[in-house]
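The next block holds one structure in the form of structure tokens; read it before the comments.
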Number of protein chains: 2
Amino acid sequence: MVNSDRPTMHDVAAAAGVSQMTVSRVLRGDGYFSQDVKKRVADAAAKLGYIHNRLASVQRGMKNPMIGVVLPTLKNHVFTDVLAGINDTLSSLNMRPVFGVSEYSATAEETLVRDMLSWQPSGLILSGLEHTEGLKRAVVQSGARVAEIMDADGTPISASFGVSQETAGADMARHFLARGHLRVAYLGSQGGDDLRAAKRFSAFRDTLLAGDGEIIYERISKAPSSMTLGRDLAATCLQKAEGCDAIYCANDDLAAGALMHCITNEVSVPGDIALAGFNDLPFLAALPQQITTTHTPLYEMGVRAAKYVALDSPDDPPKEALKTRLVIGQTT
Amino acid sequence: MVNSDRPTMHDVAAAAGVSQMTVSRVLRGDGYFSQDVKKRVADAAAKLGYIHNRLASVQRGMKNPMIGVVLPTLKNHVFTDVLAGINDTLSSLNMRPVFGVSEYSATAEETLVRDMLSWQPSGLILSGLEHTEGLKRAVVQSGARVAEIMDADGTPISASFGVSQETAGADMARHFLARGHLRVAYLGSQGGDDLRAAKRFSAFRDTLLAGDGEIIYERISKAPSSMTLGRDLAATCLQKAEGCDAIYCANDDLAAGALMHCITNEVSVPGDIALAGFNDLPFLAALPQQITTTHTPLYEMGVRAAKYVALDSPDDPPKEALKTRLVIGQTT
DNA sequence: ATGAAAGCGCTAACAA
DNA sequence: TTGTTAGCGCTTTCAT
């Protein structure tokens with residue numbers, strides 16, 4: 001039984017010898033009441049183990065300190081970093097995240113969001129800028145504050161805190177060209193579902209081709225991203241892609257896996273093959289060689305988005321493109 | 001405005017030309033109604049973009065498809081694996097997790113749980129078996145189903161799905177003894193806050209000492225666990241702990257970092273030094289050497305706990321000790 | 001097969 | 001400073 005016999009304000013009121021409304025006031029610290037009453041109520045509440053019923057207050061019109069958060073996956077550390085930023089920020093504001101994982105499916109995302117909206121959250125954090133029309137409509141109508149994170153190339157529903165995937169991809173391509181890595185392989189994961197990776201690669205390719213470079217091998221595995229996948233993809237790539245100079249990986253996990261392959265098989269990096277990743281995850285610092293990558297402010301994105309949705313200022317929604325930064329390591 | 005002008009069942013009823021109660025019945029598919037009415041209601045709801053208000057139904061006594069989940073940290077991949085198991089399972093049962101992170105603090109955990117209980121979740125998943133008395137009382141009184149995960153050495157509030165940390169530690173010590181790794185260093189993180197790691201190490205130490213082994217170096221950093229920390233701790237350890245045979249790390253991240261140190265500095269593993277971790281995280285498979293570790297069914301623990309709390313059978317609460325398994329790699 | 005009334009626990013508005 | 005009344009949106013119960 002969920003509603004077994006949880007004490008209500010009524011019970012506390014009876015125990016304290018006051019009215020239910022007085023209990024409400026004391027517990028919220030709102031309005032006037034004597035010190036004596038305050039103490040009696042506090043004692044009674046503690047003795048009974050009273051727990052506030054937020055469902056009722058929200059129902060009555062109070063703000064719901066709940067934020068819905070939808071991420072594409074938990075398998076990529078990228079999102080756990082973002083999540084950490086969201087969670088730390090919401091925590092400090094006494095708000096709670098409700099989570100959902102879309103597995104990179106737009107329809108799953110819509111279902112999830114509709115479900116979450118039924119709890120009347122005061123805010124919502126979504127990943128990416130591509131959503132179903134139904135989702136957008138539902139979100140707007142709900143009146144919840146929305147922030148979209150991760151991407152900056154497109155039109156957000158309302159506020160957004162993302163990075164330009166296109167800029168990041170183009171920057172890396174220019175670096176490859178400058179280093180003379182012209183015959184390039186690309187390795188990705190999640191099939192074509194990772195829309196941000198696709199944008200990045202598309203800009204990378206365009207910029208590379210506009211120079212003297214070429215994509216001589218391209219493999220986007222359907223499997224979720226992991227170091228092990230990166231290692232396997234790199235092994236196959238090096239075997240199949242003759243004359244390959246460099247590998248651009250869709251993210252750091254894949255790149256780290258590729259580096260592990262090279263170390264294990266004594267392939268010299270960047271002598272035989274150059275390597276680059278994306279995100280600049282902290283664990284890269286522990287590897288034997290610093291992998292060239294693009295720094296993205298993951299935690300920061302989480303923080304900004306959480307702050308925005310948690311507040312209720314009526315400012316018009318910021319659409320912020322956070323900066324990425326090319327991190328030149330020892331692998332290019 | 002959160003409650004801007006979200007349509008209610010009343011609005012749908014007006015649009016469909018029926019009573020509000022009929023809308024309720026149709027939308028839940030409960031009771032009797034004609035096909036004609038069903039269609040009119042469905043159309044009206046779709047047109048208005050009606051979203052169910054779960055707060056009201058739960059308030060009225062329906063089960064709340066919400067599960068509170070409290071984890072010690074998000075910085076250790078261990079918990080994101082558990083989280084994945086929880087999330088996948090709850091998703092498939094149309095239930096949603098509300099998350100909180102305790103940062104390994106028992107009082108923070110209590111605050112978090114009290115906060116979560118105010119949403120009247122039908123279940124709760126907690127990590128470990130050590131909690132404040134206040135938390136236990138609140139949870140029991142709330143009537144929510146509780147499952148505790150990760151640990152099996154102690155007394156759960158109700159149901160538990162954990163592994164015996166003591167067995168795992170002792171097993172590893174026996175393996176060290178069998179391999180002749182007698183002069184052992186221990187590296188940990190999170191200060192003394194990771195109670196499970198402490199239990200494991202305690203059993204490891206006892207078993208090692210009962211053989212011919214000894215702990216010649218012990219360093220538990222206050223920093224959160226990471227590969228980079230492992231690498232740094234290993235560097236200091238190898239410099240300070242003379243005659244050290246082997247390093248037992250509190251988890252795989254630390255062990256992987258230690259291995260990276262060894263690879264970078266051409267320290268032979270296990271020739272010069274043996275290494276072992278804990279958890280058998282998937283990324284170990286990508287490393288140049290297979291690290292000896294203890295497999296723990298992380299995802300599975302999440303699945304079991306989620307299934308238990310999501311259901312509402314009145315069976316008496318299972319206290320399951322899941323099996324760990326020594327994974328002998330190439331580093332011992 | 002449909003509707004009307006009551007009430008879940010709380011808070012805003014008003015009364016005393 | 002404290003209490004009374006009304007009602008948030010829904011579902012249970014009972015009537016039609």
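Here is the naming used below: chain letters follow the sequence lines, and residue numbers restart at 1 for every chain.
Look at NZ on K38(A): it is 17 Å from C1' on dT2(D), rounded to the nearest Å. In this structure, the CE atom of M9(B) is 19 Å from the P atom of dA5(C), given to the nearest Å. One interatomic measurement links the two molecules: NZ of K63(A) to C1' of dC10(C), which rounds to 19 Å at whole-angstrom precision. Rounded to whole Å, the distance from CD on Q59(A) to P on dC8(C) is 14 Å. Rounded to an integer number of Å, the gap from CG of D30(A) to P of dA12(C) is 7 Å. Summarising the geometry, the separation between CG on L27(A) and P on dC10(C) is reported as 9 Å, rounded to the nearest angstrom. In this entry the distance linking CD of Q35(A) with P of dT1(D) reads 9 Å, nearest Å. Here the C1' atom of nucleotide dT11(D) and the CD atom of Q120(B) are 16 Å apart, to the nearest Å.
Between dG9(C) and S57(A), no contact under 4.0 Å exists linking OP1 or OP2 to a side-chain N or O. Taking 4.0 angstrom as the limit, S24(A) places a side-chain polar atom (N or O) nearer than this to OP1 or OP2 of dT11(C). Between R40(B) and dT2(C) there is no side-chain N or O to OP1 or OP2 distance below 4.0 Å.
Between T8(B) and N53(B), every side-chain heavy-atom pair lies at or beyond the 4.5 Å cut-off.
Residue pairs meeting the salt bridge (charged side-chain N to carboxylate O under 4.0 Å, His left out) criterion with at least one partner in residues 80-109 of chain A, sequence neighbours excluded, are R96(A)-D115(B). For residues 10-29 of chain B, the set of pairs meeting the salt bridge (charged side-chain N to carboxylate O under 4.0 Å, His left out) definition, not counting sequence neighbours, comprises R28(B)-D30(B). Sorted by first and then second residue, the ring-ring contact (aromatic ring centres under 6.0 Å, His included) pairs with a member in residues 103-154 of chain A form an empty list; sequence neighbours excluded. Residue pairs that meet the salt bridge (charged side-chain N to carboxylate O under 4.0 Å, His left out) test with at least one member in residues 139-158 of chain A, sequence neighbours left out, are D151(A)-K199(A).
Under the ring pair (Phe, Tyr, Trp, His ring centres under 6.0 Å) criterion, H77(A) pairs with H77(B), not counting sequence neighbours. For the side chain to side chain contact (heavy atoms under 4.5 Å, CB included) test, residues two or more places apart in sequence or in another chain that qualify with K319(B) are P156(B), S160(B), P317(B). Under the side chain to side chain contact (heavy atoms under 4.5 Å, CB included) criterion, A16(A) pairs with V18(A), R40(A), V41(A), A44(A), sequence neighbours left out. Every residue meeting the side chain to side chain contact (heavy atoms under 4.5 Å, CB included) condition with L322(B), not counting sequence neighbours, appears here in chain and number order: V163(B), P297(B), E300(B), M301(B), R304(B), E320(B). Looking at residues two or more places apart in sequence or on another chain, you find a side chain to side chain contact (heavy atoms under 4.5 Å, CB included) between E133(B) and K136(B), R137(B).
At a threshold of 4.0 angstrom between heavy atoms, the contacts of Y32(A) include nucleobase atoms, whether or not backbone atoms are also involved.
Checked by atom type, the side-chain pair S313(B)/D315(B) shows a donor-acceptor distance below 3.5 Å.
In the helix from dA1(C)-dT16(D) to dA16(C)-dT1(D), the terminal helix axes, each the rotation mapping four pairs' C1' atoms onto the next four within five end pairs, subtend 40°, rounded to 10°.
A heavy atom closer than 4.0 Å to some atom of DNA chain C occurs in Y50(A), H52(A), these being the qualifying members of residues 45-52 of chain A.
With respect to the salt-bridge test (charged N to carboxylate O, under 4.0 angstrom), the residues K39(B) and D43(B) qualify.
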Report each atom pair, protein N/O against N/O of nucleotides 3-7 of chain D, whose distance is under 3.5 angstrom.
unit_1: dG3(D); atom_1: OP2; unit_2: S19(A); atom_2: N; d: 2.8
unit_1: dG3(D); atom_1: OP2; unit_2: S19(A); atom_2: OG; d: 3.0
unit_1: dG3(D); atom_1: OP2; unit_2: T22(A); atom_2: OG1; d: 2.6
unit_1: dG3(D); atom_1: N7; unit_2: R25(A); atom_2: NH2; d: 2.5
unit_1: dG3(D); atom_1: O6; unit_2: R25(A); atom_2: NH1; d: 3.1
unit_1: dG3(D); atom_1: O6; unit_2: R25(A); atom_2: NH2; d: 3.3
unit_1: dG7(D); atom_1: N2; unit_2: R60(A); atom_2: NE; d: 2.4
unit_1: dG7(D); atom_1: N3; unit_2: R60(A); atom_2: NE; d: 3.4

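Comparing dT11(D), dG9(D), dC10(C) by their nearest atom to the side chain of M62(B) picks out dT11(D).
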